[in-house]
Structures are given as structure tokens and as C-alpha cells.
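Notes for the one structure printed next.
The structure displayed is predicted, hence computed values, not measured ones. Indexing begins at 1, ligand by ligand and atom by atom, following the structure's order.
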Amino acid sequence: MSRILSIEPLTQDAFAPFGTVIEADPASMRYINGGTTERFHGLARADVVGEGADVIINIFRGQPRAFPYAVAMMERHPFGSQSFSPLEDRPWLVVVAEDEGGRPGMPRVFRANGRQGVNYGRNVWHHPLMSVGAVSDFIVVDRDGPGNNLEEYVYDEPFVIESAI
Ligand SMILES: NC(=O)N[C@@H](O)C(=O)O
Ligand code: NI
């Protein structure tokens with residue numbers, strides 16, 4: 001099996017097993033504020049579980065990754081979803097994997113354009129934030145509360161993203 005990962009365009013359908021793409025979908029748009037604002041309604045839902053769990057809104061400032069990049073580990077959050085929405089119009093990478101008996105399978109890499117965010121479903125394997133090209137800020141909506149909401153897995157052998165383009 002090749003350990004070199006190809007990059008796919010980020011689409012709602014392709015990403016469906018892992019969560020939701022957050023983008024200005026015309027089908028979700030309704031005018032509000034007297035027609036002065038377009039509301040793209042209900043693009044994704046935060047999903048948090050457990051006594052005392054809160055949904056929180058953060059900013060993550062990601063350092064750009066260097067390529068070739070070794071995808072050596074993946075993580076997941078058993079008690080909550082996690083969304084990333086770019087604050088700058090700059091492409092970035094989303095790396096996810098299906099669960100295979102409690103561990104991540106082969107990663108899939110998606111290229112997000114600068115106006116696409118994602119909401120990782122609760123307990124979905126993903127790689128930590130992968131900014132590309134420059135330091136990039138993201139609005140992150142995820143869970144705060146009791147319990148260990150971070151499970152990590154290290155692959156026996158890393159996979160490689162040769163280039164971000
Ligand atoms: N650990 C943390 O808050 N960040 C990761 O969850 C991530 O997905 O970037
Ligand atoms: Ni995460």
C-alpha cells in the first residue's frame with residue numbers, strides 16, 4: 001500500500017462520512033434584517049455530550065505546515081464535534097479517516113478553499129489543524145467540560161502528503 005496521500009477537492013458529498021462542509025450554500029440562504037443580510041441557516045450543528053458540557057467558540061492561529069508532510073498521528077474527540085472556519089481566504093488541508101476497529105484507517109486529504117470550513121462529527125478521526133502557506137486564523141467551535149475529550153493514535157508508519165498543491 002502506498003503511503004503517499006493524494007488530495008481531493010472538499011465537497012459535501014465526499015466529506016459526508018466525516019461531518020459537514022461549512023460554506024455559503026444558496027439552498028440554506030434566507031434574507032433577514034430587512035433584506036440587508038443573507039443568512040445561510042443551520043449549516044452545521046455542534047454536538048456535545050456529557051454532564052456539564054458546554055459549546056465554546058475559539059480562535060486557532062495555525063502555523064503553516066511544511067511539505068512533504070508526514071501524517072504520523074490522528075486524533076478524535078469522543079465527547080464533541082469540532083468545527084474549523086477560516087478567517088482568511090486561504091486554502092488549507094483537512095485530513096480525516098474512517099474508524100477501523102477503534103483506530104484510524106488510511107487518511108483522506110481534502111483541499112478546502114478559503115471560504116470552506118468543516119465540522120468534524122463527534123468521535124471522527126482527524127489530523128490537527130493544517131494551515132497552508134501562512135499563519136492562518138480559524139474560528140473553532142468545540143466542547144469544553146469534564147472528561148478527556150482527546151484520543152490520539154500514532155500510525156506504525158506515517159503517511160506522506162508530498163505537496164499542498
Ligand atoms: N487539541 C486541539 O484543541 N486541537 C485539535 O483538536 C485540532 O483538531 O486541531
Ligand atoms: Ni481536533
Side-chain angles (χ1 to χ4, degrees), residues 5-12 14-23 43-156 158-165:
L5 300 175
S6 59
I7 302 180
E8 308 171 54
L10 181 63
T11 67
Q12 207 66 257
F15 194 71
F18 309 105
T20 309
V21 177
I22 300 171
E23 57 189 343
L43 299 175
R45 292 184 184 279
D47 170 24
V48 297
V49 298
E51 187 68 32
D54 281 322
V55 175
I56 57 173
I57 302 173
N58 318 271
I59 287 179
F60 282 25
R61 179 162 292 163
Q63 299 297 316
R65 302 295 185 164
F67 296 85
Y69 183 81
V71 179
M73 61 78 68
M74 298 284 271
E75 63 168 40
R76 61 181 177 178
H77 309 298
F79 301 134
S81 58
Q82 186 176 49
S83 76
F84 291 80
S85 298
L87 285 175
E88 286 115 341
D89 192 351
R90 183 177 302 122
W92 58 295
L93 294 184
V94 175
V95 183
V96 289
E98 303 263 10
D99 183 63
E100 294 178 359
R103 60 181 62 181
M106 183 171 181
R108 288 179 65 182
V109 185
F110 294 95
R111 177 182 294 104
N113 67 45
R115 306 183 74 81
Q116 288 179 304
V118 294
N119 189 42
Y120 298 125
R122 182 163 58 85
N123 220 29
V124 168
W125 291 109
H126 60 280
H127 187 277
L129 175 59
M130 290 200 69
S131 299
V132 174
V135 174
S136 303
D137 284 3
F138 294 77
I139 295 287
V140 175
V141 179
D142 60 6
R143 178 196 185 268
D144 193 22
N148 177 15
N149 192 33
L150 176 60
E151 178 182 356
E152 296 178 316
Y153 178 86
V154 179
Y155 288 112
D156 294 339
F159 294 86
V160 176
I161 304 171
E162 291 183 311
S163 165
I165 50 182

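Of all protein atoms, those that are N, O or S and lie under 2.8 Å from the Ni ion (ligand 2) total 4.
Taking a cutoff of 4.0 Å between a charged side-chain nitrogen and a carboxylate oxygen, Arg111 and Glu8 do not qualify as a salt bridge. Ion pairing between a basic and an acidic side chain is recognised when a charged N comes within 4.0 Å of a carboxylate O; Asp89 and Arg115 show such pairing. Between Arg76 and Asp99 there is a salt bridge, since a side-chain N of the basic residue sits under 4.0 Å from a carboxylate O of the acidic one.
Side-chain atoms of Asn58 come within 3.5 Å of backbone atoms of Val140 as a donor-acceptor pair (strictly under, hydrogens ignored). No donor-acceptor distance shorter than 3.5 angstrom exists from the side chain of Gln12 to the backbone of Thr20, with no hydrogens or angles considered.
Using a 4.5 Å heavy-atom cutoff, the side chains of Trp125 and Tyr120 are not in contact. Using a 4.5 Å heavy-atom threshold, the side chains of Ser131 and Phe138 count as touching.
Counting protein heavy atoms only, atom 4 (N) of ligand 1 is closest to Phe60 CE2, 3.4 Å. Of all protein heavy atoms, the one closest to atom 9 (O) of ligand 1 is Leu129 N, 3.1 Å.
Inclusion of Gln82 in the set of residues having an N or O under 3.5 Å from an N or O of ligand 1 is warranted.
Annotation: Leu150, atom CG; neighbour count of heavy atoms from other residues, nucleotides and ligands within 6.0 Å is above 12.
With Gln82 as the partner, the side chain to side chain donor-acceptor pair (under 3.5 Å) test is satisfied by one option alone out of His126, Arg143, Arg122: His126.
With a 4.0 Å heavy-atom cut-off, ligand 1 is reached by the side chain of Phe84 but not by its N, CA, C or O.
Close approach to His126 involves these atoms of ligand 1, each under 4.0 Å from a residue heavy atom: 8 (O). When each atom of ligand 1 is checked for a heavy atom of Glu75 under 4.0 Å away, the hits are 5 (C), 6 (O), 7 (C), 8 (O). Taking every heavy atom of Pro128 and a limit of under 4.0 angstrom, the matching atoms of ligand 1 come to 7 (C), 8 (O), 9 (O). Atoms of ligand 1 found under 4.0 Å from any heavy atom of His77 (numbered from 1 in listed order, with element): 6 (O).
Phe15 and Phe18 have tilted rings, their planes meeting at an angle from 30° to 60° on a 0 to 90° scale.
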